[in-house]
Amino acid sequence: MTTETADARTDTPAEVAGPVLDIAGLEVRYGRGRRRRRALHDITLGVSSGETVGLIGETGSGKSTLARAALGLVPLSAGTIRIGGEDVSAYGHRQWRALRRRGVVQYVFQDPLRSLDPDLTVEDSLTEPLLIQGVPRKEAAARARSFLDRVHLAADLLERLPGELSGGQRQRVAVARALVTEPRLVILDEPVSALDSANRVQVLEILKELRDTGVALVLISHDLGSVAGTADRIAVLYRGELVEVGAARDVINHPRHAYTRLLVSSAPTLRTGPADRSEREALRALLNA
Ligand code: ADP
Ligand code: MG
């Protein structure tokens with residue numbers, strides 16, 4: 001599945017024929033018996049190499065459930081999920097663990113303290129997934145340094161513990177850790193929601209720079225405005241259903257579903273204060289394109 005925006009990046013390695021993440025007819029239910037409730041219904045979505053898909057929806061719409069399903073953390077009631085062409089729908093705990101150990105799929109959560117071990121230094125956090133894969137220590141340390149640089153952090157943070165970092169620094173370490181194994185797919189669940197606006201802009205900028213590594217990104221947010229300038233495509237989740245999927249530009253300029261129209265019309269006013277100006281400008285630029 002390609003988009004017009006993907007065509008512009010001709011240097012993107014085209015190692016995967018189909019989408020890196022390929023979800024078809026996905027259904028997830030929570031609870032048992034009479035308490036059983038449908039959290040996701042008939043979700044079909046593909047995310048290609050080098051592509052960022054922004055998954056947008058209000059609280060409770062099922063965004064985190066979709067993330068959990070793609071990470072093997074909730075059972076599927078129906079449908080299939082393929083990662084890198086591999087059908088993972090029926091994977092058990094052990095197979096998922098092996099897939100994660102191979103570093104194929106990684107994640108970043110809203111709270112970086114959930115993605116980082118509080119007792120590991122930045123260096124250990126970054127080298128651990130590589131050492132598990134059998135990468136020699138010296139090479140792992142070198143890669144840790146280069147990924148720290150990629151998220152615009154200085155090497156003198158390597159000896160710090162997560163508790164000794166600012167929220168923005170912590171989230172950038174979590175992004176670096178997710179990327180250090182050079183995964184095919186990274187799912188980021190509200191990665192910038194807990195950050196102040198300056199850090200939000202910086203982290204989104206870093207994610208944009210990472211696109212040409214060929215990684216497929218799912219960027220989850222409840223706020224259309226904050227990911228509009230970063231996502232190639234936007235998928236809108238509403239009450240467990242995907243109501244609209246399209247090129248970011250098209251969804252913002254020509255929202256079709258009423259909920260998307262509401263999101264678009266309220267996005268600029270959601271942001272206040274001078275530090276959010278660049279986000280507003282990015283959105284306006286898209287709106288005027
Ligand atoms: P979002 O991330 O968009 O806020 P979630 O995926 O967390 O939404 O939740 C979607 C729906 O599923 C909500 O109605 C929520 O209450 C419900 N839900 C989420 N996790 C669980 C769970 N572990 N058990 C039962 N219901 C859940
Ligand atoms: Mg959530």
Side-chain angles (χ1 to χ4, degrees), residues 21 23-45 47 52-81 83 88-89 91-93 96 105-116 167 170-171 174-175 178 185-196 199-200 203-204 207 216-228 230-231 233-246 248 251 255 257-264 266-267 270:
L21 174 65
I23 299 176
L26 173 66
E27 181 129 343
V28 174
R29 289 169 187 267
Y30 286 118
R32 296 185 167 278
R34 287 181 57 205
R35 294 175 58 87
R36 202 156 162 81
R37 284 195 61 241
R38 197 169 69 186
L40 290 177
H41 176 60
D42 197 17
I43 302 291
T44 293
L45 181 69
V47 187
T52 299
V53 170
L55 181 66
I56 311 296
E58 62 193 354
T59 299
S61 58
K63 305 182 298 297
S64 294
T65 301
L66 188 54
R68 277 184 228 128
L71 291 164
L73 303 175
V74 290
L76 319 184
S77 304
T80 57
I81 298 181
I83 294 176
V88 299
S89 318
Y91 270 21
H93 188 69
W96 270 108
V105 49
Q106 298 284 6
Y107 55 86
V108 174
F109 294 122
Q110 174 171 343
D111 176 3
L113 292 178
R114 265 188 73 204
S115 328
L116 297 173
R170 242 179 249 154
Q171 193 60 303
V175 169
L185 171 68
V186 182
I187 313 242
L188 304 104
D189 193 355
E190 307 258 13
V192 298
S193 299
L195 303 181
D196 60 55
N199 273 303
R200 198 181 304 154
V203 168
L204 290 170
L207 295 179
L217 299 180
V218 177
L219 177 54
I220 295 176
S221 178
H222 63 274
D223 179 21
L224 175 64
S226 75
V227 304
T230 310
R233 283 192 301 142
I234 287 175
V236 181
L237 200 55
Y238 186 62
R239 297 182 180 175
E241 296 191 37
L242 221 43
V243 293
E244 188 153 357
V245 184
V251 170
H257 192 274
Y259 178 65
T260 318
R261 285 207 293 273
L262 182 71
L263 280 179
V264 171
S266 55
L270 277 174

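Being a predicted model, the structure only gives us computed values, none of them experimental. Atoms within a ligand are numbered from 1 in the order they appear, just like the ligands themselves.
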Self-check item: Leu217: which of Leu21, Leu188, Leu185 passes side-chain contact (heavy atoms from CB on, under 4.5 Å)
Solution: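 Option passing the side-chain contact (heavy atoms from CB on, under 4.5 Å) with Leu217: Leu188.
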Self-check item: Sole candidate of Val47, Leu219, Leu242, Val227 that passes side-chain contact (heavy atoms from CB on, under 4.5 Å) when paired with Leu55
Solution: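 Going through the options one by one, the only one that passes is Leu242.
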Quiz item: What protein N/O/S atoms lie closer than 2.8 Å to the Mg ion (ligand 2)?
Solution: Ser64 OG
Quiz item: In this structure, are over 12 heavy atoms from other groups packed under 6.0 Å from Arg29 atom CZ?
Solution: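 Yes.
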Practice problem: Using a cut-off of 6.0 Å, state whether more than 12 heavy atoms not belonging to Arg35 lie near its atom CZ. | Solution: no
Quiz prompt | Side-chain donor/acceptor of Ser221 to backbone N/O of Ile56, under 3.5 Å | solution = no
Quiz item: Distance-only, no hydrogens or angles: does the Tyr259 side chain make a donor-acceptor pair with backbone N or O of Glu244 under 3.5 Å?
Solution: no
Exercise. Verify side chain to side chain donor-acceptor pair (under 3.5 Å) between His41 and Glu27, making sure each step is shown before the conclusion.
Key: CA-CA 5 Å; His41 176 60; Glu27 181 129 343; 3.0 Å; yes
Exercise. Apply side chain to side chain contact (heavy atoms under 4.5 Å, CB included) to the pair Leu207 and Thr52, showing each step before the final yes or no.
Key: CA-CA 9 Å; Leu207 295 179; Thr52 299; over 6 Å; no
Quiz item: Within a strict 4.5 Å, meaning less than it, do heavy atoms of the Val108 and Gln171 side chains meet?
Solution: yes
Quiz item: Name the residues in contact with ligand 1, where contact means a heavy atom under 4.0 Å away: which are they?
Solution: Tyr30, Arg37, Ala39, Glu58, Thr59, Gly60, Ser61, Gly62, Lys63, Ser64, Thr65, Arg68
